[in-house]
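Comments concern the structure below.
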2 protein chains.
Amino acid sequence: MFSKACEYGIKATIYIAVKSMRQERVSLKEIAEEVNSPVAFTAKILQSLAKSGIIDSHKGPTGGFQIEEAKIDTIKLHDIVHAIDGDKIFVGCGLGLEQCDANQPCPVHDKFVGIRNNLKVMLQNTSLYELATGLDIGLTHLKR
Amino acid sequence: MFSKACEYGIKATIYIAVKSMRQERVSLKEIAEEVNSPVAFTAKILQSLAKSGIIDSHKGPTGGFQIEEAKIDTIKLHDIVHAIDGDKIFVGCGLGLEQCDANQPCPVHDKFVGIRNNLKVMLQNTSLYELATGLDIGLTHLKR
DNA sequence: TTTATTTAGGATAATTTTGTCCGAAATAAA
DNA sequence: TTTATTTCGGACAAAATTATCCTAAATAAA
Ligand code: FES
Ligand code: FES
């Protein structure tokens, strides 16, 4: 469904959000540990999320990653997925035709667009805030 | 969403079904052309679909692939996807945890299982027959 | 100013997925 | 029986994704 990069990116962002809600910055090393992801690969993903403006990064001692608290409520899961995996999952054809077109539909088009839209709506309606809160109160988990 | 192998496999199976409804066998070469897929790669996929019992294969002149007509109605999209991509898409965790477990849910679990189940139900309820019929009457297309 | 710490970024490697090549086996027709 | 045709199956290659390594740049603290 999502790429590994996207899975790591989502988990990392949620973890950063939890810490940011306590006004704490968090280092790459800590993130990778808590999210159970390869450190250097996670670094790349965070770098790109920082360029996308979803997270903030700071170099040097006391450096690390954080998210503007006001943003935590407005950032949606959709934004993270879109930043990492692009929009193929939202607009692409289920059978890989160059583009999904209702006027020249593939055999699964009618059945597929519904599912694809469910996913899109879900991701658009899910805020980073609620994901982070669930993790913070111990309702959900980032590793096993 | 689906792997390339799965996309090719679905399209190929639908095409074979259309021909089988006319009691015609169809060659690998013809399938790959009509489905717009790489010939040799498609051969591998068809080989595995044949082993899974979804399609029948015959060697030699007049050989090719076909599907038992009685089966066309009972084969569901789910069967094809499962044969090629396995069950990860149906039971796997949206964030890549080793296993999806409602007792130790990841942050997206509650939101994700709904989508995942929508997809599963859709695939289980979609018969090869209806997909093949739509293609046969020119309502849908396998390439662009 | 020096040092220690942390992210940035480029090069490289490993793994998985996608795709190719070719000879063997089967089989129908000549 | 010979030949032509078609799938089977194994080895191999290319491309994409995932992952590592190392040096540079920034920056906070000593
Ligand atoms: S054309 Fe294939 S999903 Fe729309
Ligand atoms: S635990 Fe992640 S989707 Fe169920």
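Quick note on labels: first sequence line is chain A, next is B, and so on, each numbered from 1.
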Test item: N117(A) side-chain N/O and G114(A) main-chain N/O as donor-acceptor pair under 3.5 Å: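 No, N117(A) side chain to G114(A) backbone: no donor-acceptor pair under 3.5 Å.
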- request: Without swapping roles, check the side chain of T126(A) against the backbone of L123(A) for a donor-acceptor pair under 3.5 Å.
  value: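 Not confirmed, T126(A) side chain does not pair with L123(A) backbone.
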Kindly give the heavy-atom pair with the smallest separation between [X] and [Y], and that separation in Å.
{"X": "S3(A)", "Y": "D85(A)", "value": "OG-OD1, 2.6 Å"}
{"X": "C106(A)", "Y": "L97(A)", "value": "CB-CD1, 3.7 Å"}
{"X": "L131(B)", "Y": "P107(A)", "value": "CD2-O, 3.3 Å"}

Whole-Å gap separating [atom2] ([N]) and [atom1] ([X]):
{"X": "Q66(A)", "N": "dT27(D)", "atom1": "CD", "atom2": "P", "result": "14 Å"}
{"X": "I84(B)", "N": "dT17(C)", "atom1": "CD1", "atom2": "P", "result": "14 Å"}
{"X": "K4(B)", "N": "dT17(D)", "atom1": "NZ", "atom2": "C1'", "result": "15 Å"}
{"X": "K59(A)", "N": "dA26(D)", "atom1": "NZ", "atom2": "P", "result": "5 Å"}

message: Under 4.0 Å from OP1 or OP2 of dA19(D): is there any side-chain N or O of Y8(A) that close?
response: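 Affirmative; the distance criterion is met.
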query: Heavy-atom contacts under 4.0 Å between residues 38-57 of chain A and DNA chain C, which residues?
result: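 Close to the strand are K44(A), Q47(A), K51(A), S57(A).
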field: Those residues of residues 24-35 of chain B lying under 4.0 Å from DNA chain C by at least one heavy atom
entry: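 By residue number: none to list.
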- prompt: Would you call I89(B) and F2(B) a side-chain contact if the rule is heavy atoms closer than 4.5 Å?
  reply: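 Yes, their side chains come closer than 4.5 Å.
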query: Should R144(B) and Q99(A) count as side-chain neighbours, where that means a heavy-atom distance under 4.5 Å?
result: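 Yes - at least one pair of side-chain heavy atoms lies under 4.5 Å apart.
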query: Side chain of S3(A): nearest nucleotide among dA28(C), dT18(D), dT18(C)?
result: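 The answer is dT18(D).
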query: When you measure from the side chain of P61(A), which nucleotide among dA28(D), dA25(D), dA25(C) comes out closest?
result: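 Nucleotide nearest to P61(A)'s side chain: dA28(D).
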- prompt: Around atom CZ of F90(A), are there more than 12 heavy atoms of other residues, nucleotides or ligands at under 6.0 Å?
  reply: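 More than 12 heavy atoms, drawn from other residues, nucleotides or ligands, come within 6.0 Å of this atom.
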task: Using five pairs at either end of the helix from dT1(C)-dA30(D) to dA30(C)-dT1(D), determine the angle between the two local helix axes and round it to 10 degrees.
output: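 Helix axis angle between the two ends: 0°.
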field: Pairwise salt bridge (charged side-chain N to carboxylate O under 4.0 Å, His left out) hits with a residue in residues 87-116 of chain A, at least two apart
entry: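 The answer is K111(A)-E130(B).
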query: Under the salt bridge (charged side-chain N to carboxylate O under 4.0 Å, His left out) rule, what pairs show up with a residue in residues 16-40 of chain A, not counting sequence neighbours?
result: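 Only K19(A)-E24(A), K19(A)-E30(A), R22(A)-D136(A) qualify under salt bridge (charged side-chain N to carboxylate O under 4.0 Å, His left out).
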message: Per the side-chain hydrogen bond (donor to acceptor under 3.5 Å, both in side chains) rule, what does the pair list look like for residues 43-52 of chain A, sequence neighbours excluded?
response: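 Listed once each, the pairs would be none.
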